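Okay, so here's the structure we're looking at.
This structure is a prediction, so every number in the text was calculated from the model and none was measured. In listed order, ligands and their atoms are each counted from 1.
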Amino acid sequence: MNKRPIVIDCDPGVDDALAIVLANACPELEVKAINPVAGNVPYSSTSENTLRLVDYLGMDCRVGKGADRPLLLERFTAGKVHGLDGLGGYVLPKGSKDFDEKNAWDVLYEEAVKAKGELELIILGPCTNVAIALKAYPELENLIKSVTLMAGTRGKGNTNLFAEFNVRVDPHATQIVLDSKIKEKYMCGLDGNLTVALTREEGDEIFGVESRITEFTDYIAKFIDHRNKSMWNLTVNNINDLCAMACMIDPSIAEYSDVNCHIECFNMESIGQTVISEEGEKNLHYLIKADKERYMDMLKEMMRYYK
Ligand code: BDR
Ligand code: CA
């Protein structure tokens, strides 16, 4: 079987970590690179977490050196949401994995060239690395088969009233990705992701089953559950990056609507808002909902991989 080559851009981040666990377990995928970027926590932590995760999961992929700040705005992090280290206080062992000698944007370009038009890209953090790549390599947009972004919302934001975190951190970079000619662009936003949010019991049923990584998955899932209850009084857990990864792996679990989307880049009150409309030129498939039963089956299958 020819595997699907993918590059993951991310800012681990508790939910990024679970998304990487899923990608690694998927027999159809070949993860070529995982490129860290500043986001949930400072770059020093997202990059170290990426290296340690790759080692912990025994992955053989490149880790490019990413951007340590957004294109234009000041740094903006969410340490309270992910723990100051990004992994809710879970300390993964330091292994031998080191950064690629190239930067994230060069790694992405090289992998896109090698994949000859078949590369799928998923962005689980701010779009900074990818925006830099698109500007540095104008032909890159024609080499990427699809891009899936965990980004945006059609409802209330999770940073200011309007903006989802990843877009709020680097709205200009997100707009560059939207403006690119990458043929298929998918966006999994907060509202669509919520349709597969898990209860604590469902989370235990999935992430608590015995495997060689249960200590980690169970810890992270419980951290998310505890945080959602204590910070936002939520009884369900929307694990945003995990939902986006699942929808990228198997688009048949996802229902998208074709929309026009642009990012508010100037008004500081609503900066980072994903302005989405059914009118105008369609430039994006926006996630409406995903099939929760099939999503949960996929996650149970993932845990069986680590038995
Ligand atoms: C997104 O921002 C981060 O908190 C998560 O990792 C996810 O990528 C949700 O707004
Ligand atoms: Ca993320």
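- Against a heavy-atom cut-off of under 4.0 Å, Glu164 is close to the following atoms of ligand 1: 1 (C), 2 (O), 9 (C), 10 (O).
- Of all the atoms in ligand 1, the ones that sit under 4.0 Å from a non-hydrogen atom of Asn240 are 9 (C).
- Residue contact check: Phe165 has heavy atoms under 4.0 Å from atoms 2 (O), 3 (C), 10 (O) of ligand 1.
- In terms of polar-atom proximity, Asp16 is counted as a contact of ligand 1, with an N or O under 3.5 Å from an N or O of the ligand.
- Minimum heavy-atom separation, Asp9 to Pro126: OD1-O, 4.2 Å.
- Between Tyr219 and Tyr90, the two ring planes are perpendicular [angle over 60°; tilted spans 30° to 60°].
- The heavy-atom pair separating Leu108 from Ala133 by the smallest distance is CD2-CB, 3.9 Å.
- The shortest non-hydrogen separation linking Gly152 to Met187 is CA-SD, 4.3 Å.
- In Asp241, the N, O or S atom that comes nearest to the Ca ion (ligand 2) is OD2.
- Taking only nitrogen or oxygen atoms, main chain and side chain alike, Met150 does not reach within less than 3.5 Å of ligand 1.
- Neither side chain, Asp85 nor Asn49, offers a donor N or O lying under 3.5 Å from an acceptor on the other.
- Screening Asp11, Thr77, Asn40 against His82 for a side-chain hydrogen bond (donor to acceptor under 3.5 Å, both in side chains) leaves a single residue, Asn40.
- In the vicinity of Asn166, heavy-atom distances shorter than 4.0 Å reach the ligand 1 atoms 1 (C), 2 (O), 7 (C), 8 (O).
- Look at Asp241 and you'll find a heavy atom under 4.0 Å from some atom of ligand 1.
- In terms of distance to the Ca ion (ligand 2), the nearest N, O or S atom of Asp11 is named OD1.
- Remark: minimum distance from atom 3 (C) of ligand 1 to any protein heavy atom is reached at Asn40 OD1, 2.9 Å.
- Counting only distance, with no hydrogens or angles, the side chain of Ser211 and the backbone of Thr214 share a donor-acceptor pair below 3.5 Å.
- Using a cut-off of 4.0 Å between Lys/Arg side-chain N and Asp/Glu carboxylate O, Glu110 and Lys102 are scored as salt-bridged.
- With the Ca ion (ligand 2) as the vertex, atom O of Leu124 and atom OD2 of Asp16 span an angle of 90° (nearest 10 degrees).
- Set against the non-hydrogen atoms of Asp15, the atoms of ligand 1 under 4.0 Å away are 5 (C), 6 (O), 7 (C).
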